[in-house]
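Reviewing the structure listed below.
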Amino acid sequence: MLGDISDEVANELLAYFSKSMIGNIIIRDASLESKIFPVMHYINTACYILYDQSYQYNILKKVASEISPEDIAKRSKTLCSPLNQLAFYSIAMLYLQGRAATIHDNLYKKRSNPNLDIEPENKKKETKFILDFWRRLSPNYRNDGALTAENKHIVFLSDEYINSLRDEMIPIKDNREIITKLRQTIAHLTIFNFLFQGECRAGISEHGPYYFEGDPDALIFKEFQFLYTGKKIFGIDYSDFMWQKITKPSPIPNVIFGMTLKNMNKIEFNDWGTLFADPAEWHSNITSIGIWTKEQIHPKELRYPNKMGSIKPLSLKILDELSEFAKRGTKELYVDYSKWDFTKKLMLGTSNYANSCMALCAGYAGIENEFNWTWARDYAAGKSLKTDLLDKERITEYIEHLKRWNGGHPFMQRVMRGRKIQKTDPFYYFLQD
């Protein structure tokens, strides 16, 4: 039964994930933050919601009654999948972030209330469920069967599939014009995506390296999803998540860039799907590129390995079209956001972190319409929440509580402790008595 794991197994997973998370935090690149949004404040608010109000547990429990985590993972082994390495990692990360903040709060409260239960039995049960759900995802998604990107690679496509793409790659040799245009388009899309997502990485995924048979050049992919078209995504109406409108929509809902690289000293990825390369200016090492867009099948219809959605190759002219879309959209977003108040900015980010992954999981199960996803927008508008899963007053308490630390949380200081103490008291805490 899902969630039926021992305390020992749960603590092993908590220690493992804590170590992984510390490694990712240390090398995190925050250079793309525009400082428009209260990023840490909305992340921590979302994490409280996911854990303290059992929001994630209640949704995933219903999801698991319709589809197993293993099937979700296998149906994600495709280019431009609705869920990917970042999403699977986030299922554990965000929940455990909320759990750790709550435990830290309770340890402080216990000083004046000795009878306070730091982690009640029902919360331990929920944590075991989330941990078990998470540990069944990545090993069935990744080709190496690992829980995280501990080997610094994100590889989930088959060799057969990779080789089928060879004829659709465009050799560019040292064509500086194409390389420059490709680089500019990726930069414009990246800036647009971060703004559109309220400075959230959702929608961007990098993975690899893969290799064509008999070819030493490494193949990597960079994907952009959820490009604004004003239409349904994966056959699902996600308009509740689209708080912003772009006057001239994208010509395609997603784009996949495949690039082969020569003479690379290092190609590594972290669990958030971010590439770290040597040389850092690796665009000069590109030998061929492929550009595709992916058919958007409703996640409940995906079947591994034969019904995963087809990809369509695109010509180089799409680079100009996407660049123009991204540049125009970015300007519109800056103007739009300048009119937003703090609460609306906060709740956009909160919705991204608390809702997006849960809604996609629900989509795989075909039960996305059983939940109301408008609560964050309703909260921002001062309306009552149309869901019985959340308490509006408690959300306000989280927001006010986090203002004491400018949106951060003091438990994060635990990341700076030495390795020895991390073994006996990991970053995300063992189960509490």
Side-chain angles (χ1 to χ4, degrees), residues 1-26 46-48 50-52 54-61 63-64 68-74 76 83-104 106-107 118-154 156 270-273 353 357-358 361 411-412 414-415 417 419-433:
M1 180 177 177
L2 192 62
D4 186 17
I5 60 176
S6 66
D7 287 2
E8 289 74 19
V9 169
N11 282 332
E12 287 175 4
L13 291 170
L14 288 166
Y16 176 86
F17 197 89
S18 293
K19 182 178 179 181
S20 170
M21 185 60 178
I22 289 173
N24 285 319
I25 290 174
I26 290 173
C47 291
Y48 269 128
L50 290 169
Y51 173 80
D52 187 55
S54 303
Y55 187 65
Q56 181 168 330
Y57 171 76
N58 287 324
I59 293 174
L60 290 186
K61 187 176 180 181
V63 168
S68 70
E70 290 87 347
D71 279 344
I72 291 176
K74 290 177 181 177
S76 301
L83 294 173
N84 52 33
Q85 177 71 33
L86 169 62
F88 296 151
Y89 196 78
S90 295
I91 283 175
M93 175 183 68
L94 300 179
Y95 178 89
L96 294 181
Q97 192 87 357
R99 173 180 174 269
T102 302
I103 288 175
H104 186 279
N106 287 344
L107 287 169
I118 301 298
E119 188 175 23
E121 288 301 316
N122 69 304
K123 299 306 289 185
K124 292 181 185 178
K125 176 183 176 182
E126 293 177 10
T127 294
K128 288 181 178 180
F129 177 91
I130 298 298
L131 288 171
D132 197 16
F133 192 101
W134 166 68
R135 73 168 181 166
R136 299 184 185 202
L137 289 170
S138 285
N140 288 286
Y141 170 71
R142 300 170 54 85
N143 289 353
D144 61 8
L147 280 169
T148 63
E150 55 188 317
N151 69 352
K152 309 299 183 183
H153 293 168
I154 300 178
F156 51 86
N270 66 9
D271 287 287
W272 299 328
Y353 272 76
C357 192
M358 293 301 99
C361 286
F411 104 85
M412 287 295 296
R414 291 168 60 84
V415 78
R417 299 172 305 146
R419 293 182 181 179
K420 187 174 182 180
I421 194 171
Q422 294 283 4
K423 291 181 179 180
T424 58
D425 181 23
F427 177 55
Y428 280 134
Y429 295 101
F430 284 134
L431 296 177
Q432 301 292 297
D433 295 327

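No experiment lies behind these values; they were computed from the predicted model shown.
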Next item on the list: With rounding to the nearest 0.5 Å, note down the distance linking CD1 in Ile5 to CD in Glu12.
Entry: 9.5 Å
Item checked: Partner residues of Lys124 under the side-chain hydrogen bond (donor to acceptor under 3.5 Å, both in side chains) criterion, sequence neighbours left out -> Glu121
Item checked: salt bridge (charged side-chain N to carboxylate O under 4.0 Å, His left out) against Lys123, all qualifying residues, sequence neighbours excluded -> Glu126
Checklist line | His104: partners by ring pair (Phe, Tyr, Trp, His ring centres under 6.0 Å), with sequence neighbours left out | finding: His409
Next item on the list: Measure the spacing between CG of Leu137 and OG of Ser76 and express it to the nearest 0.5 Å.
Entry: 8.0 Å
Next item on the list: Identify the heavy atoms of Leu431 and Leu14 that sit nearest to each other, and give their distance.
Entry: N-CD1, 3.9 Å
Margin query: The criterion is side-chain hydrogen bond (donor to acceptor under 3.5 Å, both in side chains); which residues satisfy it with Arg414, sequence neighbours excluded?
Written below: Asp425
Margin query: Tell me if a side-chain donor or acceptor on Glu70 pairs with a main-chain N or O of Arg136 at a distance below 3.5 Å.
Written below: no
Margin query: For the SG atom of Cys361 and the CD1 atom of Ile91, what is their distance to the nearest 0.5 Å?
Written below: 4.0 Å
Note to self: Treating Gln56 as the side-chain partner and Ser54 as the backbone partner, does any N or O pair qualify as donor plus acceptor under 3.5 Å?
What the structure shows: no
Check: What is the distance from atom CE of Met21 to atom CZ of Phe427, rounded to the nearest 0.5 Å?
Finding: 6.0 Å
Checklist line | Minimum heavy-atom distance between Leu13 and Arg135, given as atom pair plus value | finding: CD1-CD, 3.9 Å
Checklist line | CG-CD1 distance between Asn106 and Ile118, expressed to the nearest 0.5 angstrom | finding: 5.0 Å
Next item on the list: Determine the minimum heavy-atom distance between Ala92 and Trp134, stating which atoms define it.
Entry: CB-CG, 3.6 Å
Checklist line | Shortest non-hydrogen contact between Arg417 and Pro426, atoms and distance | finding: NH2-C, 3.6 Å
Notebook entry, point to check: At their closest point, which heavy atom of Thr102 faces which heavy atom of Gly98, and how far apart are they?
Noted result: OG1-O, 2.9 Å
Checklist line | Partner residues of Asp52 under the side-chain hydrogen bond (donor to acceptor under 3.5 Å, both in side chains) criterion, sequence neighbours left out | finding: Arg394, Tyr398
Check: Quick one: are Pro69 and Leu2 in side-chain contact, heavy atoms under 4.5 Å?
Finding: yes
Next item on the list: List for me each residue that meets salt bridge (charged side-chain N to carboxylate O under 4.0 Å, His left out) alongside Asp7, sequence neighbours excluded, and say none if there are none.
Entry: Lys128
Notebook entry, point to check: With sequence neighbours excluded, what pairs up with Glu150 under the salt bridge (charged side-chain N to carboxylate O under 4.0 Å, His left out) test?
Noted result: none
Note to self: Could you work out, with side chain to side chain contact (heavy atoms under 4.5 Å, CB included) as the rule, every residue matching Ser20, not counting sequence neighbours?
What the structure shows: Asn24, Tyr89, Thr148, Asp271
Margin query: Holding to side-chain hydrogen bond (donor to acceptor under 3.5 Å, both in side chains), I want the full list of residues that pass it with Tyr95, two or more places apart in sequence or in another chain.
Written below: Thr127
Item checked: Full working for side chain to side chain contact (heavy atoms under 4.5 Å, CB included) between Ile72 and Phe88 -> CA-CA 10 Å; Ile72 291 176; Phe88 296 151; 4.1 Å; yes
Next item on the list: Can you sort out the partners of Tyr57 under ring pair (Phe, Tyr, Trp, His ring centres under 6.0 Å), two or more places apart, ordered by chain and number?
Entry: Phe129
Notebook entry, point to check: Would you call Phe411 and Tyr428 a side-chain contact if the rule is heavy atoms closer than 4.5 Å?
Noted result: yes
Check: For Tyr16, what residues pass the ring pair (Phe, Tyr, Trp, His ring centres under 6.0 Å) criterion, not counting sequence neighbours?
Finding: none
Check: For His153, does its backbone N or O pair with a side-chain atom of Arg142 as donor and acceptor, under 3.5 Å?
Finding: yes
Check: Can any side-chain N or O of Arg99 pair as donor or acceptor with the backbone N or O of Glu119 at less than 3.5 Å?
Finding: no
Checklist line | Steps toward side chain to side chain contact (heavy atoms under 4.5 Å, CB included) verdict (Met412, Gln97) | finding: CA-CA 9 Å; Met412 287 295 296; Gln97 192 87 357; 3.1 Å; yes
Notebook entry, point to check: For Phe133, what residues pass the ring pair (Phe, Tyr, Trp, His ring centres under 6.0 Å) criterion, not counting sequence neighbours?
Noted result: none
Notebook entry, point to check: Nearest heavy-atom pair of Tyr353 and Ala46: which atoms, and what distance?
Noted result: CB-CB, 3.5 Å
Notebook entry, point to check: So, Asn140 side chain and Asp71 main chain: donor-acceptor pair closer than 3.5 Å or not?
Noted result: no
Next item on the list: Kindly compute the distance separating CD1 (Ile25) from CG (Asn270), expressed to the nearest 0.5 Å.
Entry: 11.5 Å
